[in-house]
4 protein chains.
Amino acid sequence: MNGFKRRTELKKDKIRTAALELFCTYGTDKTSINEIAQKAGVAPASIYNYFGSKEGLMKDTFINLLESGWKAKKELWETDLPFPELMKRAVSMKDDFIDQINLELLTDPEIKKLIDDFYERRYPYIVSQFIEKGRREGYIRRELSIEAAMLYLNMYQNAVQHPEMLKNRNKNLLKELYDLMLYGLAGQPIADKTE
Amino acid sequence: MNGFKRRTELKKDKIRTAALELFCTYGTDKTSINEIAQKAGVAPASIYNYFGSKEGLMKDTFINLLESGWKAKKELWETDLPFPELMKRAVSMKDDFIDQINLELLTDPEIKKLIDDFYERRYPYIVSQFIEKGRREGYIRRELSIEAAMLYLNMYQNAVQHPEMLKNRNKNLLKELYDLMLYGLAGQPIADKTE
Amino acid sequence: MNGFKRRTELKKDKIRTAALELFCTYGTDKTSINEIAQKAGVAPASIYNYFGSKEGLMKDTFINLLESGWKAKKELWETDLPFPELMKRAVSMKDDFIDQINLELLTDPEIKKLIDDFYERRYPYIVSQFIEKGRREGYIRRELSIEAAMLYLNMYQNAVQHPEMLKNRNKNLLKELYDLMLYGLAGQPIADKTE
Amino acid sequence: MNGFKRRTELKKDKIRTAALELFCTYGTDKTSINEIAQKAGVAPASIYNYFGSKEGLMKDTFINLLESGWKAKKELWETDLPFPELMKRAVSMKDDFIDQINLELLTDPEIKKLIDDFYERRYPYIVSQFIEKGRREGYIRRELSIEAAMLYLNMYQNAVQHPEMLKNRNKNLLKELYDLMLYGLAGQPIADKTE
DNA sequence: AATGAATGAGGGTTCATTCAT
DNA sequence: GATGAATGAACCCTCATTCAT
């Protein structure tokens with residue numbers, strides 16, 4: 001890559017960074033192209049030169065987010081942590097993955113395909129590995145389907161990352177939630193092994 | 001109530017209905033007063049006559065939603081269903097209650113007070129009754145806190161009502177989720193008693 | 001006048017009173033028909049029944065003001081006060097007469113005629129009497145024209161009633177102004193005879 | 001300054017000119033951004049690009065007016081004209097200075113400060129010089145306060161510039177007014193030295 | 001290639017006025 | 001005749017996008 005393209009790539013990244021931060025802080029709707037341009041130190045028109053439209057920039061941002069989130073997740077799964085600890089970390093992992101960016105983009109076929117790929121192939125694969133580990137270590141009963149486990153994980157993730165939850169971050173409450181995750185309303189909480 | 005006021009009330013309701021639907025579909029930001037007016041078959045200015053401002057309409061919509069949701073919920077809790085059935089219904093009950101409408105309204109003191117009242121008094125009361133019933137019937141272990149139970153319920157509710165879930169409404173998946181609710185990842189699913 | 005018409009006249013007056021007060025406080029532009037109606041305790045449509053339009057109401061208000069102002073002024077001139085005192089009172093007399101109501105009405109021929117009548121006939125008549133009195137008592141030099149005297153009086157009236165003047169109502173400043181009125185920049189102030 | 005900025009500055013000035021004229025003719029309230037834009041030959045949105053808001057444009061217009069008026073006034077005072085001529089010119093000098101633009105802007109702290117500076121420092125300074133000159137040349141009696149002189153000048157300025165006065169611009173009337181300025185109602189007019 | 005300027009389309013809101021009862 | 005409801009036109013303003021340099 002020559003110095004010309006490198007400088008271009010640098011500017012694109014500055015735009016991406018600015019956009020991501022503003023999008024996550026104020027939402028895509030409340031973030032104007034002008035604000036992004038100003039924060040990135042470029043002219044508004046440049047954003048159009050690079051990304052075509054606001055939706056184009058959102059798409060780019062979203063895909064980047066998805067991929068980097070995927071990478072982090074994959075790294076986590078590939079560690080050798082004991083199952084309960086892995087579970088806790090997976091659940092509490094910041095996941096701008098999917099929630100931060102509004103779903104109205106889903107009309108875009110490229111995005112739709114990516115998300116489908118993600119949900120149909122990549123995510124199930126990783127979750128099935130998670131479940132397999134859980135089974136091997138005796139924490140997950142055999143008959144649980146992957147779909148149910150995926151939903152269950154997402155559910156916990158949403159709950160744990162809910163603003164109210166984050167605000168009153170309460171150790172006991174979190175511990176109870178993790179117990180519920182393993183044993184449900186009826187089951188017996190086990191003695192804590194990791195904390 | 002004379003015919004005059006009745007017709008007024010009717011129009012107000014048409015506006016409310018249109019607003020609710022559009023707010024829930026597109027979000028409050030992406031819904032313009034013009035759209036609402038058109039869908040309700042009134043002039044935009046009429047909405048201002050009735051509700052003062054867009055925020056006023058949002059407030060009205062939100063409060064209505066909250067109260068009618070509360071009423072339905074209360075009725076449900078007061079039935080005599082066995083605990084697992086009650087749990088399923090509570091969780092699958094449509095609850096635009098709080099999630100559908102954006103939280104930036106929370107600046108309004110009236111709304112804030114209502115929500116606080118709801119979360120500090122009404123909701124805990126009902127959940128504590130729910131838990132008590134679960135304990136009596138042997139489905140909930142004694143040491144579970146009300147806070148954790150509230151969170152857990154909300155979590156399931158959000159999951160069950162998640163668009164994707166609703167789209168692929170899958171009997172088995174739901175059943176698995178309910179099992180997870182009672183017994184977690186590790187526990188033993190019991191033979192289904194209600195289905 | 002029967003009871004019917006009397007009640008009608010009463011309502012009209014309530015509207016007039018409300019309108020005058022609001023017009024003078026906020027200006028005619030910033031006063032809405034709805035506000036007037038509410039303050040007067042009638043329906044907005046009633047104002048249209050009585051006065052035809054907002055401009056109609058403004059016209060009515062303006063004429064009333066003009067006439068009542070005229071009456072007060074006339075009464076003052078007909079007293080027997082010594083000239084300097086008369087002058088002070090004339091100048092400091094609250095004169096919503098002409099300034100309070102915006103001049104864009106002047107397009108209306110009826111108003112225009114009234115104002116012309118006022119400025120061409122009634123006001124010169126009264127001022128000429130004032131000047132005559134001033135001359136008789138030795139306070140006004142003989143060669144001063146009526147037009148100039150009219151302007152001069154208005155000028156002082158505006159100055160004395162200027163908000164800033166009213167705010168810092170300063171006895172000495174006022175006294176100086178009255179001296180200037182009689183003797184100008186160059187002349188000798190006389191010993192105060194009235195205060 | 002390159003051609004780019006020059007053209008921008010030109011457009012800004014076109015907007016300023018259009019705004020000033022319309023503001024003075026119809027008042028700031030009755031002048032819409034659309035009208036200004038049309039008269040200036042730009043898009044309404046451009047006005048917002050340049051001045052931020054209607055209030056911003058008003059502020060700019062007002063400050064420009066104030067400063068340019070000040071400059072003209074200062075130049076006048078610094079000439080060597082004899083006192084009566086100076087006085088005439090000062091009074092008849094077009095002074096949109098302060099009266100033309102509505103006072104509701106005074107909420108803006110920047111404007112408020114400017115006006116205060118003007119009325120507390122700049123204007124008194126110039127008037128005191130005027131008075132000093134008048135005294136030296138024997139036209140102003142020694143005991144007259146600066147406050148009174150300021151008021152007196154303003155008063156004449158308003159009168160001379162009053163629309164009706166301008167309409168019927170009458171040489172004799174004006175001359176009488178200037179005599180009144182120097183000698184009041186009672187004093188002796190001097191033989192005219194300048195005309 | 002990069003930019004600052006320019007804008008059209010649309011948003012929320014107000015209000016004098018008319019309409020239906 | 002009196003009213004509350006209803007509205008069209010206009011206002012200020014924002015912003016994604018295009019244009020001229």
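A note on names: the letters A, B, ... follow the listed sequences, proteins ahead of strands, and every chain is numbered from 1.
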| In terms of side-chain heavy atoms of A:Ala43, which of F:dA5, F:dA2, E:dT3 is nearest? | E:dT3
| query | Can a cation-pi geometry be assigned to C:Lys12 and C:Phe51, taking NZ or CZ under 6.0 Å from the six-membered ring centre and within 45° of the ring axis? | reply | yes
| message | Taking side-chain hydrogen bond (donor to acceptor under 3.5 Å, both in side chains) as the definition, give me every residue that meets it alongside C:Asp13, ordered by chain and number, with sequence neighbours left out. | response | C:Arg16
| query | Can a side chain N or O of A:Ser46 be found less than 4.0 Å away from OP1 or OP2 on E:dT3? | reply | yes
| Quick one: salt bridge (Lys or Arg N to Asp or Glu O under 4.0 Å) partners of A:Glu21, sequence neighbours excluded? | A:Lys39
| What's the CD1-P distance between C:Ile36 and E:dA16, to the nearest Å? | 8 Å
| message | How many whole angstroms separate atom CD of C:Gln38 from atom P of F:dG4? | response | 11 Å
| message | For a 4.5 angstrom cut-off between non-hydrogen side-chain atoms, does C:Lys30 reach C:Leu22? | response | no
| field | Main-chain N/O of D:Val42 paired with D:Ser46 side-chain donor or acceptor, under 3.5 Å | value | no
| Atom-to-atom span, CD1 of D:Ile15 to C1' of E:dT7 - whole angstrom | 13 Å
| said: Applying a 4.0 Å non-hydrogen cut-off, can you work out what D:Lys12 is touching in the nucleic acid: base, sugar-phosphate, or nothing? | reply: nothing
| field | Length of the line joining B:Met58:CE and E:dG12:P, which is rounded to integer Å | value | 10 Å
| query | Given atom CG of C:Leu10 and atom P of F:dA2, what is their separation to the nearest angstrom? | reply | 12 Å
| field | Contact nearer the 5' end of DNA chain F, comparing C:Gly41 with B:Val42 | value | C:Gly41
| request: Return the set of residues passing salt bridge (Lys or Arg N to Asp or Glu O under 4.0 Å) with D:Asp116 (not counting sequence neighbours), or none when no residue passes. | output: none
| said: Rounded to whole Å, please give me the gap between CG in B:Leu57 and P in E:dG11. | reply: 15 Å
| note | Rounded to whole Å, CD of D:Glu9 lies from P of E:dG4 at a distance of 16 Å
| If a stem is a run of at least 3 consecutive Watson-Crick or G-U pairs, both distances under 3.5 Å, which stems include DNA chain F? | E:2-21 with F:2-21
| query | Are the side chain of B:Glu35 and the backbone N or O of B:Ser32 linked by a donor-acceptor pair below 3.5 Å? | reply | yes
| request: Using a 4.0 Å cut-off on protein heavy atoms (strictly under), produce a 5'-to-3' string for nucleotides 14-21 of chain F with B for base contact, S for backbone-only sugar-phosphate contact, and - for none. | output: BBSBBB-S
| Non-neighbouring partners of B:Lys14 that pass salt bridge (Lys or Arg N to Asp or Glu O under 4.0 Å), sequence neighbours left out | none
| Given DNA chain E, 5'-ward residue of the pair D:Lys11 and A:Tyr50, judged by closest heavy atom | A:Tyr50
| task | Might you point out which heavy atoms bring D:Asn34 and D:Pro44 nearest each other, and give the distance in Å? | result | OD1-CG, 3.2 Å
